[in-house]
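By convention here, the first residue in the shown sequence is residue 1. Since we're looking at a predicted model, the values are computed, not measured.
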Amino acid sequence: MKAAPVPQKDGPKINRDIRVREVMLIDAEGQNRGVTEITEALKVAEEAGLDLVEIVPNATPPVCKLLDYGKHRFTEQKKQAEARKRQKVVEVKEIKLRPGIDEHDYDVKMRAVKRFFDEGDKVKVTLRFRGREMAHQDIGYRLLDRVKTETLTIAKVESEPSMEGRQMVMVLSPR
């Protein structure tokens with residue numbers, strides 16, 4: 001019968017998990033104490049009521065620092081949560097048009113496009129053809145070209161107008 005494999009802990013090695021003879025020790029104030037034997041480093045950590053945490057495992061000897069590991073982990077999690085909160089997820093919003101769109105309807109759609117760019121989203125302009133409209137794809141190209149020229153100052157074309165089945169698609173992203 002095989003022994004169960006020891007589960008790998010994520011994160012840096014701490015205290016007795018560090019399996020080297022000597023380490024480069026940095027104390028709680030950030031002062032370099034130089035190369036120290038692991039037993040001595042653990043003793044110093046215990047006296048200070050702190051943990052010995054391996055910061056740079058690949059160095060020779062590994063760099064270890066005296067700090068409160070629980071507090072360290074808590075602050076790291078806080079930083080990561082803050083970074084996630086500040087991150088903006090770019091969405092692709094879709095605007096659907098038809099080749100025979102009326103002037104007012106077109107203006108309403110363009111206002112929506114501008115609003116999407118203000119929010120920092122990409123816009124996928126889809127032009128759907130029905131029936132005999134397929135024979136007049138030039139009308140579609142002219143319409144998408146008009147969209148392109150009207151949004152030139154606030155957006156750049158990510159993908160040029162192209163046919164995908166019965167629809168013509170163009171993707172714009174904010175400048």
Side-chain angles (χ1 to χ4, degrees), residues 4-15 17-18 26 28 30 50-51 53-59 62-175:
V6 179
Q8 281 287 319
K9 290 199 303 187
D10 56 333
K13 294 179 183 172
I14 58 170
N15 297 331
D17 294 341
I18 303 169
I26 297 171
L50 297 169
D51 298 308
V53 181
E54 192 175 46
I55 303 295
V56 187
N58 301 345
V63 179
C64 293
K65 188 173 184 178
L66 296 177
L67 48 85
D68 183 347
Y69 185 64
K71 189 176 178 182
H72 171 71
R73 243 180 61 209
F74 176 73
T75 55
E76 288 298 309
Q77 285 174 343
K78 278 288 201 199
K79 280 184 202 168
Q80 288 174 350
E82 193 64 34
R84 275 196 303 272
K85 202 160 53 173
R86 269 190 253 120
Q87 202 171 43
K88 168 77 171 99
V89 178
V90 177
E91 292 181 41
V92 178
K93 304 283 181 127
E94 187 173 22
I95 291 289
K96 293 185 176 177
L97 303 173
R98 294 282 316 282
I101 190 168
D102 191 55
E103 194 59 40
H104 180 261
D105 296 335
Y106 176 82
D107 293 339
V108 170
K109 297 281 188 178
M110 288 310 290
R111 274 201 301 271
V113 167
K114 287 183 175 92
R115 191 182 71 239
F116 293 152
F117 287 139
D118 291 342
E119 293 168 4
D121 296 323
K122 291 182 181 182
V123 176
K124 178 180 179 181
V125 183
T126 305
L127 187 65
R128 172 166 249 130
F129 294 99
R130 299 214 312 244
R132 307 253 318 257
E133 294 172 344
M134 283 297 287
H136 302 286
Q137 292 179 10
D138 57 306
I139 296 171
Y141 275 112
R142 282 200 302 268
L143 184 60
L144 288 183
D145 200 45
R146 180 178 169 196
V147 171
K148 196 190 319 182
T149 52
E150 285 185 24
T151 59
L152 200 62
T153 56
I154 56 172
K156 60 180 180 280
V157 178
E158 200 165 282
S159 74
E160 290 291 334
S162 64
M163 285 300 291
E164 292 177 10
R166 289 193 151 270
Q167 51 191 24
M168 197 176 284
V169 178
M170 174 173 71
V171 179
L172 303 167
S173 60
R175 284 199 184 277

Across all chains, not counting sequence neighbours, the side chain to side chain contact (heavy atoms under 4.5 Å, CB included) partners of A59 are V56, V63
Closest heavy-atom pair, L50 versus A28, reported as atoms and distance to 0.1 Å, is CD1-CB, 3.7 Å
What one should report as the nearest heavy-atom pair of H136 and F129 is O-CE2, 4.1 Å
Nearest heavy-atom approach of G140 to L127 is CA-CD2, 3.1 Å
The reported gap from CG in L67 to CD1 in I14 (rounded to nearest 0.5 angstrom) is 9.5 Å
inquiry  = Between P62 and I18, is there a side-chain heavy-atom distance shorter than 4.5 Å?
reply    = no
Q80 meets the side chain to side chain contact (heavy atoms under 4.5 Å, CB included) criterion, sequence neighbours left out, with R84
Only pairs under 3.5 Å count here: list side-chain donor-acceptor contacts from residues 163-175, not counting sequence neighbours, and write none if there are none.
residue	atom	partner	partner atom	Å
S173	OG	E158	OE1	3.3
R175	NE	L152	O	3.0
R175	NH2	L152	O	3.3

Check: Is it true that D105 and K109 make a salt bridge, defined as a side-chain N closer than 4.0 Å to a carboxylate O?
Finding: no
- pair I26-I55: side-chain heavy atoms closer than 4.5 Å: no
Can you confirm whether more than 12 heavy atoms, excluding those of R146, are under 6.0 Å from its CZ atom? yes
- For residues V147 and V113, determine if any side-chain heavy atom of one lies less than 4.5 Å from a side-chain heavy atom of the other. no
What donor-acceptor contacts under 3.5 angstrom involve side-chain atoms of residues 89-100, with partners at least two apart or in another chain?
residue	atom	partner	partner atom	Å
E94	OE2	T126	OG1	2.6
R98	NE	R128	O	3.4
R98	NH2	E133	OE1	3.1
R98	NH2	E133	OE2	2.7

Residues passing the side-chain hydrogen bond (donor to acceptor under 3.5 Å, both in side chains) test with Y106, sequence neighbours excluded, are E150
Sorted by chain and number, sequence neighbours left out, side chain to side chain contact (heavy atoms under 4.5 Å, CB included) with E76 holds for H72, K79
task = Apply the test salt bridge (charged side-chain N to carboxylate O under 4.0 Å, His left out) to residues D107 and R111: give CA-CA distance (whole Å), side-chain angles for both, the deciding distance (0.1 Å), then the verdict.
result = CA-CA 6 Å; D107 293 339; R111 274 201 301 271; over 6 Å; no
